[in-house]
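Structure, as structure tokens:
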Amino acid sequence: MTAAPTLSVRIREIEPLGASLKRFALEPAHGGELPTPAPGAHILLTLRDGGRVMKNAYSLVSPAAARDRYEIIVRRVAQSRGGSAFLHQQAREGDVIDIGYPVNLFPLQAKARKHLLIGGGIGITPLLSHLHLLKARGLKFEMHQLCAPEEAGVFEALLAPYGEAGEILVHGTGRARFDLAGILARQPLGTHVYTCGPRTLMEAVATTASALGWPAGKIHKESFGENSGGLPFKAMLARSGIEVEVGETQSLLEAVEAAGIDAPCLCRGGACGECKVSVLEGEVEHRDDFLSAEEKASQGAIMLCVSRARGARLVLDL
Amino acid sequence: MTLQFKPDETFRKDFTYRNSDAGILRFPFPFPEDEYMYSVNIEPHVRGGPTAAFQAAFDVDEHYVAECRERALVLAEDPKRCQVLPHMELAQWDTLELIMESLAADYPDLFSLSKDGDLWTWVNKPLSIQQTFTFGKADTLPCPPFEYITRQAQGDFTLQDQREDNLYVDGGMVTTQADWSLEFDIGMSFHEWHGPVPLAHEKGVFDRALKYLLRLQYGQPVRRLNWTMTINPRLDTSPENYPVWGPDRTTITPENVAEKVHLRVELQTLFRLPRSNAILFGIRCYLASVAELSRVPKWRKRLHRVLRDLHPAIQEYKGLPRYRQMVIDTLAPFDDGAPLSKGIQSDLTAL
Ligand code: FES
């Protein structure tokens, strides 16, 4: 897909929640309403620290009905790429930042009879937006949150508005004491499980559930795996005689257009075949649904709208 | 320009439906080239482009009032034209929110929406409706939310639930369709639903389209044009009503062909909905007679070429063989064979 439209927001409030957690409320910088935040959706923040640009994705924790602000919870990570440290140390109330349109790769399933949520640590965030909806609609759910013992209080407070003990459990006693298989085994037919947290937890949920016979369609993991970006590279446009730089969050098509070249395109999502261009040199990382497996293997063509270079440089017949 | 509605025109019996000059020029003519073949001709649904019909999220034109009345007539005869499966309730509210907000933003002189928390007030001036209701509470509206808002919009709508890497038609308001039936299709998966289209399967068109749609993002709607032909400006050409419209096809003569045969264009739009993650599929139908389209030199030549060279399987599927040759014969004298500009724009600013 194309890069989603960007929104400009102002930090309305920063609220410390615990030693390493802060909640940020973001309001539209120019008034009006924000797009309805889909339960499970995340947004990409563009943070600028001097000349340095950082892009970080955070789940929205505010309810779908709230359009005057978005809320995110950010954990300060010791080995941060910079984004979370920047938000914790430098961001101030009143600052204006750019965010992307909400993207939802972790939606609730309409046909589920019951929703089982399993969060690990900061993985609680998309589940909080699920809980808003589940609670507001009176749907059946059960939530388990794993965390470090010293954070149990913080998570209990975050979850308190959404249910009774029994429906919502905070496990601050370590993974070893958490009876994942038992929980999965006693769910009624028609339950869907949603998990977000450390990779090891999400994998444990998925493998345990499938070992117990859960169909794949009922197991859902959050993945911020937005397929649009990648490592930067250069594309030499042989016929136009120019070289374009393709940035981390930019598509090759966007970079070519930014250079003033009117490239063919229609769907901008790897489906229609319109943007196919011959590759003269370099290796392509194919991400489209248009080229056949043989065409992809032969490395003779690239779909500009979604695919990227595997190496540092591509030469295109454009 | 303010819209002049034609509240009394009809899509049945005496068929008084006509396009004004401006209406003809904004017609979404579907052929960018002299040749037609199935393809994934999907593009981002962004404002602007070669026809004014692309200027709003949901296009409202001079036929709005009459078309909403026609929908009410069809529903009165057959309430099953609107059905939504129970698990799609959130998608119903998503649809209402999207259509109300879009109409109010795109046509502030015709529609308005004001909100006081969950208490919303909707004003639809062309249909003289004012309604206060609680968002999320179905019993505060005179009918279910999806039906409520799609009774006030032109074109058909279906709701697709996404699950197990597929899309299922789990709801719809379908009163202006080109020979397909919601009653028959409801609950079907993407490939079941697109089953009968010739040539498209061999080309893998539907596999690609499905993969693309599964990734469709909120805030980035897409559109495509599709087409067929209909005798008389009849919106409801449903299979249920075949006995009513089927015989129309035998009434075409060289004398009446230009007035009676209509190009039927569907502006299809797809929107990802936020709360439900469902996809709203809008199928907006535009009708223009061959005579009306012939007033645009580029279009009459291109229509001639497309019909003349159309693949036999596609002709058959679209039900054209009975009268296709008559349309070609009417248009042929006006086609000098000169090359035409690429794209669907009329190349005219006035008629
Ligand atoms: S623009 Fe459609 S495949 Fe690239």
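This one's a predicted model, so the numbers in the text were calculated from it and none came from an experiment.
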Subject >> Ring-ring centroid check A:H130 A:H115, cutoff 6.0 Å >> reply: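 Not under 6.0 Å, so no.
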Original post:
Has B:R215 got its NZ or CZ under 6.0 Å from the middle of the six-membered ring of B:Y212, at an angle within 45 degrees of the ring axis?
Top reply: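 Checked: cation-pi criterion not met.
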Original post:
Taking the six-membered ring of B:Y168, is the NZ or CZ of B:R163 close enough (under 6.0 Å from the centre) and on axis enough (within 45°)?
Top reply: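 Yes, B:R163 sits over the ring of B:Y168.
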Original post:
Going by residue number, which parts of residues 84-91 of chain B are within reach of chain A, meaning a heavy-atom gap below 4.5 Å?
Top reply: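 B:H87, B:E89, B:L90 fall under the 4.5 Å cut-off.
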**OP:** Under 4.5 Å, counting heavy-atom pairs only, tell me which of A:C272, A:S129, A:A271, A:G273 racks up the most with chain B.
**Re:**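 Option with the greatest count: A:A271.
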Original post:
Counting heavy-atom pairs under 4.5 Å to chain B, which of A:G217, A:C265, A:A110 comes out on top?
Top reply: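 Sorted descending by pairs with chain B, the first entry is A:A110.
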So, do [X] and [Y] sit near enough that their side-chain heavy atoms are less than 4.5 Å apart?
X      : Y      : value
B:W227 : B:E266 : no
A:T36  : B:L273 : no
A:L266 : B:I42  : no

**OP:** Identify which part of A:E274 has an atom lying under 4.5 Å from any heavy atom of chain B, answering side chain, backbone, both or neither.
**Re:**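 Contact with chain B involves no heavy atom of A:E274 at all.
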**OP:** Heavy-atom distances under 4.5 Å only: say whether A:L133 touches chain B with side chain, backbone, both or neither.
**Re:**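 When you check distances to chain B, only side chain atoms of A:L133 fall under 4.5 Å.
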Subject >> Proximal to chain B - members of residues 62-72 of chain A, heavy-atom separation under 4.5 Å >> reply: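 Under the 4.5 Å heavy-atom cut-off, A:A64, A:R67 qualify.
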**OP:** Show the numbers, then the answer: is there a ring-ring contact (aromatic ring centres under 6.0 Å, His included) between B:W122 and B:F111?
**Re:** CA-CA 8 Å; B:W122 167 245; B:F111 305 96; 5.7 Å; yes
Main chain of [Y], side chain of [X]: is a donor-acceptor contact present, judged purely on distance under 3.5 Å?
X      : Y      : answer
B:R302 : B:F31  : yes
A:D289 : B:R208 : no
B:R272 : B:L216 : yes
A:H132 : A:V61  : yes

Original post:
chain A heavy atoms under 4.5 Å from B:E101: which part of the residue, side chain, backbone, both or neither?
Top reply: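 Just its side chain gets close to chain A.
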**OP:** Side chain from CB out, backbone as N, CA, C, O: work out which of these in B:N41 comes under 4.5 Å of a heavy atom of chain A, or both, or neither.
**Re:**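 For B:N41, the contact with chain A is made by backbone and side chain together.
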Original post:
Side chains of B:T95 and B:E97: donor-acceptor distance under 3.5 Å anywhere?
Top reply: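 Short answer, no.
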